[in-house]
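Everything quoted here is computed from the prediction, not taken from an experiment.
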Amino acid sequence: MPEPIIPMLGDVELRTIQHITTLERRSLVEHPIPGMAGSAFQDMGRPATFINLSGILYGEQSRADLEKLRGKFQAAEPLSFAADITTATEITDVLIEDLRVVAVAGRPGTFVYQILLRESQPPSPAANPLATVNAGIASEAQGLL
């Protein structure tokens with residue numbers, strides 16, 4: 001059996017995660033057809049996947065790790081993410097959408113956290129609407145020379 005992957009969010013190691021859940025959906029448009037039982041569905045692809053992490057930070061490094069997480073949340077930039085649950089979904093980059101932290105009473109330096117991540121899909125390359133026109137002009141120019 002392969003070694004388990006230590007969950008990593010950017011350069012922050014999250015060894016004390018207690019739960020990781022994902023939400024993957026499909027965007028379906030229902031087309032009811034008169035006189036037909038049921039409907040026809042059109043698959044419009046899938047929206048970004050959500051990943052929900054919850055765990056505990058404790059020990060001497062807990063405050064430093066919490067500040068790292070807060071800094072990454074405030075930076076609002078895509079981060080690399082690795083965990084066993086994401087290997088099947090092929091998610092590599094995420095954005096921190098929500099960060100919740102609770103200080104545990106009576107336990108200094110102990111924090112319970114919940115992080116909601118959203119898959120950060122790279123933007124598709126912009127289509128050049130004039131590409132065919134430019135190609136035609138270039139071939140005509142070659143013919144004139």
Side-chain angles (χ1 to χ4, degrees), residues 1-33 36-142:
M1 189 156 101
E3 283 287 316
I5 297 172
I6 296 170
M8 296 287 293
L9 182 57
D11 60 349
V12 179
E13 198 173 283
L14 301 171
R15 288 188 172 274
T16 57
I17 287 181
Q18 295 178 327
H19 299 281
I20 300 178
T21 57
T22 62
L23 173 61
E24 299 176 64
R25 299 177 305 159
R26 219 17 68 238
S27 293
L28 298 175
V29 175
E30 182 178 7
H31 300 284
I33 300 173
M36 182 178 134
S39 300
F41 290 92
Q42 182 179 6
D43 185 354
M44 304 297 288
R46 69 171 186 84
T49 298
F50 287 93
I51 303 169
N52 194 353
L53 312 173
S54 60
I56 299 174
L57 295 173
Y58 62 92
E60 295 176 14
Q61 280 295 115
S62 63
R63 288 189 192 281
D65 290 342
L66 181 58
E67 289 309 313
K68 277 187 190 178
L69 287 173
R70 281 193 174 128
K72 294 189 180 308
F73 172 71
Q74 291 167 351
E77 293 180 3
L79 299 165
S80 61
F81 180 68
D84 286 333
I85 201 166
T86 60
T87 55
T89 59
E90 298 180 5
I91 295 171
T92 55
D93 293 321
V94 295
L95 289 167
I96 300 175
E97 184 168 309
D98 192 38
L99 174 64
R100 297 171 190 221
V101 180
V102 177
V104 178
R107 303 260 176 164
T110 302
F111 306 95
V112 176
Y113 65 86
Q114 185 173 10
I115 304 172
L116 181 61
L117 304 174
R118 188 182 295 206
E119 177 182 13
S120 176
Q121 300 164 332
S124 56
N128 183 356
L130 301 176
T132 55
V133 174
N134 290 341
I137 292 172
S139 65
E140 281 185 35
Q142 286 291 351

Side chain to side chain contact (heavy atoms under 4.5 Å, CB included) partners of Ile17, counting only residues at least two apart: Pro7, Leu14, Ile20, Leu53, Tyr113
Check: Thr110 side chain, Val104 main-chain N or O, donor-acceptor pair, under 3.5 Å: no
Listed once per pair and sorted, the salt bridge (Lys or Arg N to Asp or Glu O under 4.0 Å) pairs that draw on residues 99-114, sequence neighbours left out: Asp98-Arg100
Check against side-chain contact (heavy atoms from CB on, under 4.5 Å), Leu69 and Val101: CA-CA 10 Å; Leu69 287 173; Val101 180; over 6 Å; no
Partner residues of Leu95 under the side chain to side chain contact (heavy atoms under 4.5 Å, CB included) criterion, sequence neighbours left out: Pro78, Ser120
Separation between NZ of Lys72 and CD1 of Ile96, rounded to the nearest 0.5 Å: 8.0 Å
Partners meeting side chain to side chain donor-acceptor pair (under 3.5 Å) with Ser39 (sequence neighbours left out): Glu30
Pair listing, salt bridge (Lys or Arg N to Asp or Glu O under 4.0 Å) test, anchored in residues 49-67, at least two apart: Glu67-Arg70
For Gln114, side chain to side chain donor-acceptor pair (under 3.5 Å) partners two or more places apart: Asn52
Listed partners of Leu28 passing side chain to side chain contact (heavy atoms under 4.5 Å, CB included), at least two apart: Arg26, Phe41, Asp43
Atom of Gly59, atom of Ser62 and distance for their closest heavy-atom approach: O-OG, 3.0 Å
Full working for side-chain contact (heavy atoms from CB on, under 4.5 Å) between Glu119 and Arg46: CA-CA 11 Å; Glu119 177 182 13; Arg46 69 171 186 84; 2.8 Å; yes
Closest non-hydrogen atom pair, Leu57 against Thr16: N-OG1, 4.2 Å
Worked check of side-chain contact (heavy atoms from CB on, under 4.5 Å) between Ser54 and Val112: CA-CA 7 Å; Ser54 60; Val112 176; over 6 Å; no
Straight-line distance of Thr92 OG1 to Leu79 CG, nearest 0.5 Å: 11.5 Å
Distance, nearest 0.5 Å, that separates OG1 of Thr22 from CD1 of Ile91: 7.0 Å
Crowding at OH, Tyr58 (>12 non-hydrogen neighbours, <6.0 Å): no
Contacts of Glu13 that satisfy side chain to side chain donor-acceptor pair (under 3.5 Å) - sequence neighbours left out: Arg15
Which residues share a side chain to side chain contact (heavy atoms under 4.5 Å, CB included) with Gln42, sequence neighbours left out: Val29, His31, Met44
Rounded distance [0.5 Å steps], CG in Leu116 versus CD1 in Ile51: 9.0 Å
Straight-line distance of Asp93 CG to Arg118 CZ, nearest 0.5 Å: 15.0 Å
Interatomic distance, Glu97 atom CD to Ile115 atom CD1 [nearest 0.5 angstrom]: 13.0 Å
Close side-chain approach of Phe111 to Val102, heavy-atom, < 4.5 Å: no
